[in-house]
There are 8 protein chains.
Amino acid sequence: MPASKKTESARVVILLGSKSDLPVIEGMYPLLERFGIRHEVHVASAHRQPEKLKRIIRNTEKAGAEIFIAAAGMAAHLPGVVASMTAKPVIGIPVAAGPLAGVDALLSIVQMPPGVPVATVAIGGAGARNAACLAARMLALGDKKVAEALDAYIKELARGGK
Amino acid sequence: MPASKKTESARVVILLGSKSDLPVIEGMYPLLERFGIRHEVHVASAHRQPEKLKRIIRNTEKAGAEIFIAAAGMAAHLPGVVASMTAKPVIGIPVAAGPLAGVDALLSIVQMPPGVPVATVAIGGAGARNAACLAARMLALGDKKVAEALDAYIKELARGGK
Amino acid sequence: MPASKKTESARVVILLGSKSDLPVIEGMYPLLERFGIRHEVHVASAHRQPEKLKRIIRNTEKAGAEIFIAAAGMAAHLPGVVASMTAKPVIGIPVAAGPLAGVDALLSIVQMPPGVPVATVAIGGAGARNAACLAARMLALGDKKVAEALDAYIKELARGGK
Amino acid sequence: MPASKKTESARVVILLGSKSDLPVIEGMYPLLERFGIRHEVHVASAHRQPEKLKRIIRNTEKAGAEIFIAAAGMAAHLPGVVASMTAKPVIGIPVAAGPLAGVDALLSIVQMPPGVPVATVAIGGAGARNAACLAARMLALGDKKVAEALDAYIKELARGGK
Amino acid sequence: MPASKKTESARVVILLGSKSDLPVIEGMYPLLERFGIRHEVHVASAHRQPEKLKRIIRNTEKAGAEIFIAAAGMAAHLPGVVASMTAKPVIGIPVAAGPLAGVDALLSIVQMPPGVPVATVAIGGAGARNAACLAARMLALGDKKVAEALDAYIKELARGGK
Amino acid sequence: MPASKKTESARVVILLGSKSDLPVIEGMYPLLERFGIRHEVHVASAHRQPEKLKRIIRNTEKAGAEIFIAAAGMAAHLPGVVASMTAKPVIGIPVAAGPLAGVDALLSIVQMPPGVPVATVAIGGAGARNAACLAARMLALGDKKVAEALDAYIKELARGGK
Amino acid sequence: MPASKKTESARVVILLGSKSDLPVIEGMYPLLERFGIRHEVHVASAHRQPEKLKRIIRNTEKAGAEIFIAAAGMAAHLPGVVASMTAKPVIGIPVAAGPLAGVDALLSIVQMPPGVPVATVAIGGAGARNAACLAARMLALGDKKVAEALDAYIKELARGGK
Amino acid sequence: MPASKKTESARVVILLGSKSDLPVIEGMYPLLERFGIRHEVHVASAHRQPEKLKRIIRNTEKAGAEIFIAAAGMAAHLPGVVASMTAKPVIGIPVAAGPLAGVDALLSIVQMPPGVPVATVAIGGAGARNAACLAARMLALGDKKVAEALDAYIKELARGGK
């Protein structure tokens with residue numbers, strides 16, 4: 001893959017089941033940027049648009065995607081379905097949509113059966129920010145720049161930063 | 001499709017996410033037989049074997065399947081994924097697998113987002129038997145024999161039968 | 001039954017336990033109309049007006065009703081009571097009334113004992129829309145026009161429509 | 001109504017949705033007997049046998065029944081349906097049947113909408129015994145013998161009895 | 001007890017753990033008045049004012065109180081404590097105070113151990129109105145006027161009234 | 001109070017709502033003995049034996065009791081009622097009795113309203129052992145021997161002991 | 001330690017996981033002041049600032065701190081981590097942050113394993129006020145002035161004060 | 001670090017809060033071995049042995065540890081505390097210890113606040129196996145051999161293997 005292309009392609013691909021979930025992940029962008037992690041967002045329903053979803057995963061993986069982050073509410077199948085379509089790590093964010101405050105989404109994401117893991121984080125915006133931190137921890141294993149940015153962030157948190 | 005083949009093919013296709021869920025649906029067979037509804041059972045994981053699942057649905061639908069019943073535990077995506085692969089009615093049975101007593105499966109099945117409905121019944125064996133009754137109610141709309149068998153069953157229940 | 005009358009009578013009868021539940025089912029109408037399914041709405045309490053309820057079910061069934069959809073909150077007995085008064089398929093929508101966010105209604109509807117099934121969908125408006133989709137899937141088994149409208153809807157969803 | 005008949009007829013009528021709930025109410029009998037309250041038990045499903053249920057309530061009320069106690073599990077509609085068929089006080093006992101430990105039955109019984117009250121007691125055998133105590137408290141309002149037996153029982157409890 | 005005094009004293013005594021629970025029981029008054037049931041309200045904390053509570057119960061019982069209704073939120077001990085201070089029927093209303101939506105109050109009231117029953121109704125205002133209906137059902141056992149008012153109310157509900 | 005008597009009287013008084021809760025607190029004794037804290041156990045129901053309970057609290061307080069530990073299941077009012085009868089610290093242990101696994105007891109104990117605090121620990125035997133540790137932490141504030149025994153215990157835990 | 005310094009140092013140290021939790025504990029200050037208990041507040045995250053937290057605990061303990069109160073939301077580890085850093089009594093206040101209404105915080109605080117107890121109080125502001133009352137009960141064991149102030153407060157509550 | 005040492009040191013370090021959690025993770029070993037991932041297990045309590053825990057993390061990280069997996073029950077702080085001691089990815093497994101079936105552990109692990117992420121998997125043995133799969137997905141990003149073993153495993157699952 002030529003360097004120029006690599007610069008442009010996303011390492012982290014964020015998938016939403018619905019446009020209405022966009023505000024939930026807003027806090028994720030500044031963190032990913034701070035860690036120097038290229039990312040892009042796609043909206044695709046696991047149930048209504050399985051073919052579109054499969055295409056996005058195939059194309060972004062070819063272009064260099066290393067981690068998928070999927071956010072969904074209610075019977076939140078998206079993260080698990082993504083995990084069944086790729087062998088890359090998948091992070092799942094339960095969204096508090098509807099009257100059950102995200103408990104439905106949390107259980108639909110975290111209780112995945114053996115063989116198809118989803119790395120689940122907290123419900124809502126707090127989880128979205130931690131999804132970015134978790135992606136940084138994974139990429140830092142093989143990328144010194146991300147590791148350094150992550151260390152700087154952790155030190156800032158220790159000084160009381162947010 | 002030749003009539004002879006239609007006579008032999010299943011009208012109700014039962015799908016399980018795992019062989020370990022087979023005991024849960026045992027109470028379903030005598031009811032389907034009593035209603036005179038041909039049926040068959042397949043085991044296919046929504047996540048580990050999506051291609052196999054799609055193939056089963058395509059083939060059984062071609063052969064005349066009218067209703068799908070899917071039982072699964074934990075983050076029970078199977079019924080919803082089946083509903084995304086067919087336009088036929090899909091009945092979902094939450095299985096009480098693992099420590100959460102089926103609450104995880106219930107929410108993963110019933111809280112489906114608009115457009116991809118799953119007709120959810122009770123957790124476990126009680127739900128399995130009602131899945132058979134619900135399938136009979138659907139098929140009775142266009143089949144007098146099923147309607148008569150269903151009426152006879154309801155009258156027997158009214159006399160204290162089970 | 002004369003054709004003219006059949007054209008006017010409802011195929012899907014929607015029952016509410018209380019007028020206050022009317023906003024919950026609003027999203028159901030455009031879907032039923034799009035699928036070309038005649039429908040009508042009645043308000044009748046399962047507990048306070050059991051005789052009225054029985055009369056509505058008897059009359060609408062005689063006039064051609066094929067599916068009943070019942071929405072109720074709190075100890076939501078309406079869908080189960082309707083299912084005990086008819087052999088047609090009954091779809092239940094849990095309404096998030098009162099402080100328990102619809103969990104009480106969900107369990108009162110979905111945990112029906114064997115023999116009297118209720119096809120339960122999600123809590124609230126999302127469930128109401130899926131009740132319409134589920135009714136369309138059932139009627140499409142014996143009605144090509146509904147089947148075609150349903151297929152068109154599913155394809156629109158796949159293109160990102162709602 | 002002749003006095004002789006009144007002596008023999010039940011003042012408290014216990015209704016069960018299923019024979020399998022009989023062990024749950026065993027602890028109720030010695031208490032009712034100790035309070036000198038005539039009682040009888042009937043098994044009738046609210047959904048499968050609504051006509052039988054209505055007949056039992058009508059006949060026992062005519063014969064002098066003053067209080068109804070109804071025990072049921074899962075989507076426990078029986079107590080609420082009984083309360084819609086009589087103007088006498090109805091006591092509801094949630095039964096822990098199935099995987100949800102009686103939470104489904106508790107919410108299906110206690111969350112009754114305004115106008116049709118059910119006096120709900122604890123889940124299972126503890127609730128059954130309290131249903132007997134509650135019936136005694138109600139009947140003691142107009143019956144000195146029951147009041148005295150109740151007082152003796154309460155004093156025995158205070159001395160450490162059970 | 002002279003008739004004149006009896007006319008003035010309350011038959012139903014309503015107890016609140018805190019003044020802040022007053023709005024919850026507002027819907028109870030018009031019902032009690034319609035049933036012709038004299039009532040009065042007292043605020044007394046089971047924990048902070050046990051002596052005051054005992055005094056209210058003793059005095060109102062002497063003056064003719066037949067039923068106690070107690071409403072409380074959080075760890076709602078008031079109804080159970082009242083039931084331990086009187087042999088009259090006690091009705092408990094769980095109040096949705098604090099973040100747990102009344103689930104804490106519901107369990108603290110309904111799960112009473114054997115011997116000290118509380119007739120529990122729904123959480124919040126719906127439960128308060130049913131507490132009035134339940135009290136009417138109890139008093140109607142020995143009071144024809146209440147029985148007639150209750151019948152009229154039930155008939156009005158059947159005509160669609162509230 | 002003569003010193004000799006003080007030596008023999010209990011500093012920690014353990015109260016149980018029922019004899020059946022005795023096995024839950026077994027793990028508490030070796031810890032209290034190890035910390036050198038004199039203790040005694042009484043069984044008294046908050047609802048059935050309020051006078052006995054008050055007497056125990058009054059007498060043990062006079063004899064030198066400094067801390068009360070109360071364990072109860074279901075609608076566990078005992079710890080809160082004890083806290084309303086004394087100004088000493090009260091520790092509450094929720095017992096997992098009945099089908100709700102102690103969730104009812106936990107909420108009935110921890111959700112106490114302002115002014116009457118109960119120091120709540122974990123459900124069941126783990127909580128009982130921590131009640132002993134918590135009592136030791138409180139008494140260590142004014143007793144060097146308990147403080148030293150507590151330090152030795154914490155060091156043993158750090159070395160992997162239990 | 002010189003007396004002058006002791007007068008100024010805090011006996012109760014309040015720890016918050018985040019500045020956003022400050023409004024939750026507001027009701028605690030007037031109570032601590034009324035009981036004459038010197039206190040101070042620190043903000044330190046158990047996870048992001050473990051070293052800062054350890055330093056605060058060590059320094060305040062040296063200066064005379066006798067009790068720690070820790071409030072936190074979500075996966076509320078702060079109270080348990082504080083209890084692992086000191087042998088003084090630790091009171092934990094679950095904060096209702098995020099969509100789970102404080103149930104996550106409650107379970108993360110109260111379900112501590114044996115050996116490291118946290119005295120847990122109610123979720124939110126009610127719990128914060130009870131944390132102050134509980135601290136007063138503990139300090140009253142060895143301090144007559146606090147005991148007298150506590151008694152006066154309890155008497156005021158009995159007269160209907162708050 | 002010399003290659004020879006690297007060959008022997010663990011890439012995945014598994015941490016347990018208690019020896020009693022060992023059976024929960026048994027299903028993890030064959031998977032890690034199949035993926036060719038060196039691993040080692042340590043038992044260390046986050047609360048009782050924080051210094052031991054810190055030492056294990058520091059030493060294993062120096063020796064080449066890339067991922068930490070932590071399993072704990074009840075108020076399961078271990079995974080979050082580990083995540084606060086390292087910048088490597090941390091996977092958390094909730095253990096179903098005690099009466100709450102692991103719900104307490106799940107919420108204590110998944111609801112971590114922003115900045116300190118824990119990749120949470122399902123409760124119990126199913127989660128343990130997925131922790132191994134998730135670790136493999138992370139390491140496969142930078143290790144072709146693991147990627148190939150993972151692909152082979154996923155293909156075997158698709159053929160119906162477990």
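In what follows, chains carry the letters A, B, and so on, assigned in the order in which the sequence lines appear, proteins first and then strands, with residues in each chain numbered from 1.
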| request: Under the side-chain contact (heavy atoms from CB on, under 4.5 Å) rule, collect the residues that match up with G:A132, sequence neighbours excluded. | output: G:M28, G:L31, G:L32

| query | Among residues 94-102 of chain A, which residues come closer than 4.5 Å to chain G, judged by heavy atom distances? | reply | A:A96, A:A101

| remark: The side-chain contact (heavy atoms from CB on, under 4.5 Å) partners of G:A158 (sequence neighbours excluded) come to none

| request: Kindly give the heavy-atom pair with the smallest separation between G:S18 and G:S20, and that separation in Å. | output: OG-OG, 2.6 Å

| note | Only residue of A:T60, A:N59, A:L16 satisfying side chain to side chain contact (heavy atoms under 4.5 Å, CB included) with A:H42 is A:T60

| field | Pair A:E156 + G:R48: basic N to acidic O under 4.0 Å | value | no

| Least distance between heavy atoms, G:A44 atom then G:L78 atom | O-CD1, 3.6 Å

| Of A:E40, A:E66, A:H39, which is the lone residue that meets side chain to side chain donor-acceptor pair (under 3.5 Å) with A:R11? | A:E66

| field | Contacts with chain G made by residues 82-93 of chain A (heavy-atom distance under 4.5 Å), listed by residue number | value | none

| Backbone N/O of G:L107 and side chain of G:Q111: donor-acceptor pair under 3.5 Å | no

| field | Heavy-atom pair of closest approach, residues A:M112 and A:G80 | value | CE-CA, 3.6 Å

